[in-house]
Amino acid sequence: MTTVKTRKLVFMALLTAISLVIWVIEAQIPAPVPVPGVKLGLASVVTLTAMALLGRREALAILLMRVFLASVFAGSFSAILFSLAGGALSWAVMAAVLGLFDEKQIWVVSVLGAVAHNAGQLLAAMAVTKTAALIAYAPALLCAAIITGAFTGAAAAALIPALRRLNDRRGGQ
Amino acid sequence: MKHKTLFFVILFAAIAAASGAYYALSGGGAGVTANVYVDGELVERFDLTAAVVPYEVTVTTDYGTNVVRVSHGAVEVASADCDEQVCVNQGAIHDSLLPIVCLPHHLVIEIEE
(Lines give C-alpha, C1' and ligand atoms only; values in the text may rest on other atoms or scores of the structure.)
Protein backbone atom coordinates (compact mmCIF):
# COMPACT_ATOMS: atom_id res chain seq x y z
CA MET A 1 0.00 0.00 0.00
CA THR A 2 1.54 3.30 -1.02
CA THR A 3 1.87 5.85 1.72
CA VAL A 4 1.64 9.58 1.18
CA LYS A 5 5.40 9.85 1.51
CA THR A 6 6.09 7.22 -1.11
CA ARG A 7 3.68 8.80 -3.54
CA LYS A 8 5.33 12.18 -3.04
CA LEU A 9 8.80 10.71 -3.49
CA VAL A 10 7.78 9.02 -6.72
CA PHE A 11 6.19 12.22 -7.98
CA MET A 12 9.36 14.16 -7.21
CA ALA A 13 11.51 11.53 -8.94
CA LEU A 14 9.23 11.72 -11.94
CA LEU A 15 9.49 15.51 -12.11
CA THR A 16 13.27 15.29 -11.77
CA ALA A 17 13.47 12.87 -14.67
CA ILE A 18 11.15 15.00 -16.79
CA SER A 19 13.09 18.20 -16.15
CA LEU A 20 16.34 16.41 -16.94
CA VAL A 21 15.02 15.13 -20.27
CA ILE A 22 13.70 18.59 -21.13
CA TRP A 23 17.06 20.10 -20.25
CA VAL A 24 19.09 17.61 -22.28
CA ILE A 25 16.89 17.98 -25.36
CA GLU A 26 16.96 21.76 -25.09
CA ALA A 27 20.75 21.68 -24.82
CA GLN A 28 20.81 20.25 -28.36
CA ILE A 29 19.07 23.31 -29.76
CA PRO A 30 21.71 25.82 -30.91
CA ALA A 31 21.45 29.30 -29.48
CA PRO A 32 19.36 31.48 -31.83
CA VAL A 33 21.30 34.64 -31.01
CA PRO A 34 25.05 34.93 -30.44
CA VAL A 35 24.51 35.94 -26.86
CA PRO A 36 25.89 33.57 -24.25
CA GLY A 37 23.16 32.30 -21.95
CA VAL A 38 20.09 32.81 -24.10
CA LYS A 39 17.96 29.70 -23.97
CA LEU A 40 14.33 28.73 -23.70
CA GLY A 41 14.71 27.51 -20.13
CA LEU A 42 11.92 24.99 -20.55
CA ALA A 43 13.04 22.97 -17.54
CA SER A 44 11.94 25.87 -15.34
CA VAL A 45 8.36 24.83 -16.05
CA VAL A 46 9.01 21.82 -13.82
CA THR A 47 10.66 23.92 -11.10
CA LEU A 48 7.73 26.31 -10.89
CA THR A 49 5.16 23.51 -11.10
CA ALA A 50 6.92 21.63 -8.31
CA MET A 51 7.02 24.78 -6.23
CA ALA A 52 3.29 25.34 -6.65
CA LEU A 53 2.23 21.73 -6.12
CA LEU A 54 4.78 20.40 -3.64
CA GLY A 55 6.56 23.29 -2.01
CA ARG A 56 9.69 25.39 -2.12
CA ARG A 57 12.09 22.91 -0.59
CA GLU A 58 10.84 20.08 -2.77
CA ALA A 59 11.29 22.25 -5.85
CA LEU A 60 14.86 23.05 -4.76
CA ALA A 61 15.62 19.37 -4.23
CA ILE A 62 14.34 18.55 -7.71
CA LEU A 63 16.35 21.42 -9.18
CA LEU A 64 19.61 20.39 -7.49
CA MET A 65 19.11 16.75 -8.44
CA ARG A 66 18.53 17.74 -12.04
CA VAL A 67 21.66 19.91 -12.18
CA PHE A 68 23.69 17.13 -10.60
CA LEU A 69 22.39 14.53 -13.04
CA ALA A 70 22.86 16.94 -15.95
CA SER A 71 26.56 17.10 -15.11
CA VAL A 72 26.67 13.36 -15.77
CA PHE A 73 25.02 13.75 -19.17
CA ALA A 74 26.44 17.01 -20.40
CA GLY A 75 30.00 16.90 -19.15
CA SER A 76 31.54 20.34 -18.91
CA PHE A 77 32.00 21.52 -15.34
CA SER A 78 31.75 25.13 -16.46
CA ALA A 79 28.29 24.65 -17.95
CA ILE A 80 27.09 23.08 -14.72
CA LEU A 81 28.45 25.99 -12.72
CA PHE A 82 26.42 28.42 -14.81
CA SER A 83 23.37 26.21 -14.61
CA LEU A 84 23.69 26.13 -10.83
CA ALA A 85 24.24 29.88 -10.52
CA GLY A 86 21.23 30.68 -12.65
CA GLY A 87 19.03 27.97 -11.20
CA ALA A 88 19.79 28.82 -7.57
CA LEU A 89 19.09 32.53 -8.00
CA SER A 90 15.99 31.72 -10.02
CA TRP A 91 14.69 29.41 -7.29
CA ALA A 92 15.41 31.97 -4.57
CA VAL A 93 13.52 34.73 -6.37
CA MET A 94 10.56 32.51 -7.27
CA ALA A 95 10.41 31.14 -3.72
CA ALA A 96 10.36 34.68 -2.39
CA VAL A 97 7.60 36.01 -4.67
CA LEU A 98 5.40 32.96 -5.14
CA GLY A 99 3.22 33.94 -2.20
CA LEU A 100 2.61 37.41 -3.60
CA PHE A 101 0.77 36.27 -6.69
CA ASP A 102 -2.36 34.21 -7.09
CA GLU A 103 -2.65 31.39 -9.58
CA LYS A 104 -3.80 33.59 -12.45
CA GLN A 105 -0.57 35.62 -12.27
CA ILE A 106 1.80 32.72 -11.76
CA TRP A 107 3.40 33.56 -15.10
CA VAL A 108 4.77 36.71 -13.45
CA VAL A 109 6.65 34.51 -10.98
CA SER A 110 8.08 32.67 -13.97
CA VAL A 111 9.22 35.92 -15.64
CA LEU A 112 10.91 37.07 -12.44
CA GLY A 113 12.49 33.64 -12.11
CA ALA A 114 13.78 33.80 -15.68
CA VAL A 115 15.23 37.27 -15.14
CA ALA A 116 16.93 36.03 -11.98
CA HIS A 117 18.21 32.99 -13.86
CA ASN A 118 19.86 35.07 -16.56
CA ALA A 119 21.18 37.53 -14.00
CA GLY A 120 22.74 34.66 -12.07
CA GLN A 121 24.36 33.29 -15.21
CA LEU A 122 25.65 36.71 -16.23
CA LEU A 123 27.17 37.24 -12.79
CA ALA A 124 28.74 33.79 -12.95
CA ALA A 125 30.14 34.55 -16.41
CA MET A 126 31.58 37.82 -15.16
CA ALA A 127 33.18 36.01 -12.23
CA VAL A 128 34.59 33.22 -14.40
CA THR A 129 36.07 35.52 -17.04
CA LYS A 130 36.94 38.14 -14.40
CA THR A 131 35.64 40.71 -16.86
CA ALA A 132 33.10 43.32 -15.85
CA ALA A 133 32.60 44.35 -19.48
CA LEU A 134 30.12 41.49 -19.88
CA ILE A 135 27.53 43.65 -18.15
CA ALA A 136 26.92 45.05 -21.64
CA TYR A 137 24.81 41.95 -22.24
CA ALA A 138 22.45 42.72 -19.39
CA PRO A 139 19.72 44.44 -21.44
CA ALA A 140 19.70 41.63 -24.02
CA LEU A 141 19.45 38.98 -21.32
CA LEU A 142 16.74 40.94 -19.54
CA CYS A 143 14.70 41.17 -22.74
CA ALA A 144 15.19 37.48 -23.52
CA ALA A 145 14.28 36.46 -19.98
CA ILE A 146 10.99 38.36 -20.07
CA ILE A 147 10.00 36.61 -23.27
CA THR A 148 11.07 33.10 -22.31
CA GLY A 149 9.78 33.55 -18.74
CA ALA A 150 6.34 34.51 -20.01
CA PHE A 151 6.29 31.49 -22.29
CA THR A 152 7.34 28.96 -19.66
CA GLY A 153 5.05 30.70 -17.18
CA ALA A 154 2.10 30.17 -19.48
CA ALA A 155 3.05 26.50 -19.77
CA ALA A 156 3.29 26.15 -16.00
CA ALA A 157 -0.03 27.96 -15.53
CA ALA A 158 -1.70 25.35 -17.72
CA LEU A 159 0.14 22.44 -16.14
CA ILE A 160 -0.39 23.21 -12.46
CA PRO A 161 -4.20 23.01 -12.30
CA ALA A 162 -4.20 19.96 -14.57
CA LEU A 163 -1.72 18.06 -12.36
CA ARG A 164 -3.52 19.18 -9.24
CA ARG A 165 -6.79 17.78 -10.54
CA LEU A 166 -5.02 14.54 -11.42
CA ASN A 167 -3.54 14.22 -7.94
CA ASP A 168 -6.80 15.08 -6.22
CA ARG A 169 -8.59 12.33 -8.08
CA ARG A 170 -6.04 9.83 -6.79
CA GLY A 171 -6.43 10.98 -3.22
CA GLY A 172 -3.68 13.58 -3.21
CA GLN A 173 -0.24 13.35 -1.69
CA MET B 1 -8.36 39.93 -12.31
CA LYS B 2 -7.97 40.87 -15.94
CA HIS B 3 -6.59 44.28 -14.95
CA LYS B 4 -3.77 42.76 -12.95
CA THR B 5 -2.69 40.56 -15.84
CA LEU B 6 -2.84 43.45 -18.28
CA PHE B 7 -0.78 45.61 -15.93
CA PHE B 8 2.03 43.06 -15.81
CA VAL B 9 1.88 42.39 -19.53
CA ILE B 10 2.31 46.08 -20.28
CA LEU B 11 5.00 46.46 -17.62
CA PHE B 12 7.10 43.60 -18.91
CA ALA B 13 6.54 44.52 -22.56
CA ALA B 14 7.75 48.04 -21.78
CA ILE B 15 10.86 46.77 -19.99
CA ALA B 16 11.60 44.32 -22.79
CA ALA B 17 11.16 47.02 -25.42
CA ALA B 18 13.32 49.45 -23.46
CA SER B 19 16.14 46.96 -23.09
CA GLY B 20 15.98 46.21 -26.81
CA ALA B 21 15.94 49.90 -27.65
CA TYR B 22 19.00 50.43 -25.47
CA TYR B 23 21.14 48.72 -28.07
CA ALA B 24 19.55 50.46 -31.01
CA LEU B 25 20.09 53.88 -29.50
CA SER B 26 23.47 53.59 -27.84
CA GLY B 27 25.97 53.19 -30.64
CA GLY B 28 29.32 52.41 -29.09
CA GLY B 29 32.52 54.25 -29.91
CA ALA B 30 33.98 53.30 -33.28
CA GLY B 31 36.60 50.57 -33.30
CA VAL B 32 40.11 51.82 -32.69
CA THR B 33 41.74 49.32 -30.34
CA ALA B 34 40.66 45.77 -29.59
CA ASN B 35 41.71 44.13 -26.34
CA VAL B 36 41.74 40.40 -25.74
CA TYR B 37 41.41 39.22 -22.15
CA VAL B 38 41.78 35.73 -20.74
CA ASP B 39 40.76 35.41 -17.07
CA GLY B 40 40.61 39.16 -16.94
CA GLU B 41 44.22 39.58 -17.99
CA LEU B 42 45.12 41.44 -21.16
CA VAL B 43 46.84 39.03 -23.54
CA GLU B 44 46.60 40.80 -26.87
CA ARG B 45 46.01 44.29 -28.12
CA PHE B 46 45.22 45.18 -31.72
CA ASP B 47 45.20 48.51 -33.47
CA LEU B 48 42.18 48.21 -35.75
CA THR B 49 42.90 51.35 -37.73
CA ALA B 50 46.35 50.10 -38.70
CA ALA B 51 45.03 46.80 -40.08
CA VAL B 52 44.95 47.34 -43.84
CA VAL B 53 44.90 43.67 -44.71
CA PRO B 54 42.97 41.30 -42.38
CA TYR B 55 45.23 39.03 -40.37
CA GLU B 56 44.74 36.26 -37.87
CA VAL B 57 46.24 35.70 -34.46
CA THR B 58 45.89 32.44 -32.58
CA VAL B 59 45.29 32.68 -28.86
CA THR B 60 46.05 29.43 -27.08
CA THR B 61 45.51 28.98 -23.38
CA ASP B 62 44.97 26.12 -20.96
CA TYR B 63 41.29 26.38 -21.74
CA GLY B 64 41.56 26.07 -25.51
CA THR B 65 42.33 27.83 -28.75
CA ASN B 66 40.65 30.80 -30.43
CA VAL B 67 41.70 32.24 -33.77
CA VAL B 68 41.12 35.97 -33.75
CA ARG B 69 40.80 37.76 -37.07
CA VAL B 70 41.66 41.45 -37.09
CA SER B 71 40.52 43.65 -39.96
CA HIS B 72 40.14 47.36 -40.52
CA GLY B 73 37.78 48.64 -37.85
CA ALA B 74 36.57 45.19 -36.85
CA VAL B 75 37.57 42.09 -34.91
CA GLU B 76 36.04 38.63 -34.74
CA VAL B 77 36.69 35.06 -33.74
CA ALA B 78 37.30 33.17 -36.97
CA SER B 79 37.35 29.76 -35.32
CA ALA B 80 37.58 28.13 -31.91
CA ASP B 81 37.77 24.64 -30.50
CA CYS B 82 35.04 25.12 -27.92
CA ASP B 83 31.77 23.15 -27.97
CA GLU B 84 29.43 26.11 -28.00
CA GLN B 85 30.83 28.23 -30.87
CA VAL B 86 28.89 31.24 -29.60
CA CYS B 87 31.99 33.36 -30.08
CA VAL B 88 32.36 32.26 -33.70
CA ASN B 89 28.68 32.70 -34.55
CA GLN B 90 28.65 36.18 -33.13
CA GLY B 91 30.61 37.50 -36.07
CA ALA B 92 32.59 40.71 -36.05
CA ILE B 93 32.22 43.63 -33.69
CA HIS B 94 32.95 47.16 -34.88
CA ASP B 95 32.40 49.18 -31.74
CA SER B 96 32.43 49.08 -27.98
CA LEU B 97 28.75 48.20 -27.67
CA LEU B 98 29.13 44.48 -27.01
CA PRO B 99 32.18 42.35 -26.35
CA ILE B 100 32.83 38.95 -27.89
CA VAL B 101 32.84 36.21 -25.27
CA CYS B 102 34.06 32.65 -25.32
CA LEU B 103 32.93 31.45 -21.90
CA PRO B 104 34.51 27.97 -21.98
CA HIS B 105 37.86 29.60 -22.72
CA HIS B 106 37.40 32.50 -20.30
CA LEU B 107 38.10 34.79 -23.24
CA VAL B 108 36.69 38.26 -23.81
CA ILE B 109 37.41 40.59 -26.73
CA GLU B 110 36.30 44.15 -26.38
CA ILE B 111 36.88 47.29 -28.37
CA GLU B 112 38.08 50.34 -26.55
CA GLU B 113 36.34 53.58 -27.34
Side-chain angles (χ1 to χ4, degrees), chain A residues 27-28 30-39 74-79 81-82 85 100-112 114-115 118 121-122 124-151 153-154 157, chain B residues 1-9 11-26 28 35-42 61 63-64 76-77 82-93 95-113:
Chain A
Q28 310 304 315
V33 280
V35 176
V38 168
K39 41 187 269 198
S76 137
F77 173 73
S78 256
L81 181 72
F82 294 123
L100 302 175
F101 298 94
D102 52 17
E103 292 239 329
K104 280 248 173 80
Q105 269 78 43
I106 203 146
W107 65 277
V108 177
V109 177
S110 178
V111 170
L112 295 174
V115 172
N118 283 5
Q121 291 199 306
L122 182 62
M126 285 165 69
V128 160
T129 58
K130 301 192 180 67
T131 316
L134 296 191
I135 199 82
Y137 281 107
L141 292 176
L142 174 63
C143 185
I146 290 176
I147 297 170
T148 57
F151 177 68
Chain B
M1 276 306 143
K2 262 300 169 123
H3 289 298
K4 258 192 175 180
T5 308
L6 191 64
F7 166 72
F8 282 114
V9 168
L11 176 69
F12 288 130
I15 296 175
S19 37
Y22 166 80
Y23 289 118
L25 297 177
S26 77
N35 300 318
V36 181
Y37 301 91
V38 175
D39 275 337
E41 307 226 339
L42 186 66
T61 61
Y63 305 113
E76 65 184 312
V77 174
C82 56
D83 287 333
E84 301 169 12
Q85 298 285 302
V86 171
C87 48
V88 177
N89 293 332
Q90 191 169 351
I93 52 170
D95 52 37
S96 58
L97 187 64
L98 282 177
I100 297 176
V101 185
C102 183
L103 278 179
H105 295 174
H106 298 209
L107 181 117
V108 177
I109 306 175
E110 68 164 334
I111 291 180
E112 241 175 59
E113 269 179 54

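The model shown is predicted, which means the values in this text are computed figures rather than measured ones. Atom set for the values below is all heavy atoms of this structure, side chains included, hydrogens, waters and symmetry mates excluded.
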- Task: Name the region of A:V111, side chain, backbone, both or neither, that has any atom closer than 4.5 Å to a heavy atom of chain B.
- Result: side chain
- Task: Specify which of A:A132, A:A133, A:A125, A:P139 makes the most heavy-atom pairs with chain B at under 4.5 Å.
- Result: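 With the most close heavy-atom pairs to chain B, the winner is A:P139.
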- Item | Partners meeting salt bridge (Lys or Arg N to Asp or Glu O under 4.0 Å) with A:E103 (sequence neighbours left out) |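 Expected list: A:R164.
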- Task: Pick one of side chain, backbone, both or neither for B:V88, based on which atoms fall under 4.5 Å of a heavy atom in chain A.
- Result: neither
- Between B:V108 and chain A, which part of the residue has a heavy atom less than 4.5 Å away: side chain, backbone, both or neither? side chain
- Counting only heavy atoms not in B:D83, do more than 12 fall under 6.0 Å of its CG?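 Atom CG in B:D83 is not packed in, count stays at 12 or less.
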- When you look at CZ of A:F151, are more than 12 heavy atoms from neighbouring residues, nucleotides or ligands closer to it than 6.0 Å?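 Result for CZ/A:F151: open.
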- Query: What are the residues of residues 142-150 of chain A, in order of number, with any heavy atom under 4.5 angstrom from a heavy atom of chain B?
  - Reply: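 Those residues of residues 142-150 of chain A which have a heavy atom under 4.5 Å from chain B are A:L142, A:C143, A:I146.
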- Once you round to the nearest 0.5 Å, how far does CD of A:Q105 lie from CZ of B:F7? 10.5 Å
- Flag the pair B:Y63 / B:L107 as yes when at least one side-chain heavy-atom distance between them is below 4.5 Å, and no otherwise.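 Side chain of B:Y63 against side chain of B:L107, heavy atoms only: no contact under 4.5 Å found.
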- Where B:I109 and B:I93 come nearest, the two heavy atoms and their spacing: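 Looking at all heavy atoms of both residues, the closest pair is O-CD1, 3.8 Å.
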- Using modelled atom types only, decide if a donor and an acceptor are shared between the side chain of B:D95 and the backbone of B:L97 within a distance under 3.5 Å. yes
- Where the side chain of B:E41 meets the backbone of A:K130, is there a donor-acceptor pair that is under 3.5 Å apart?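 Side chain of B:E41 to backbone of A:K130, a donor-acceptor pair under 3.5 Å: no, none is there.
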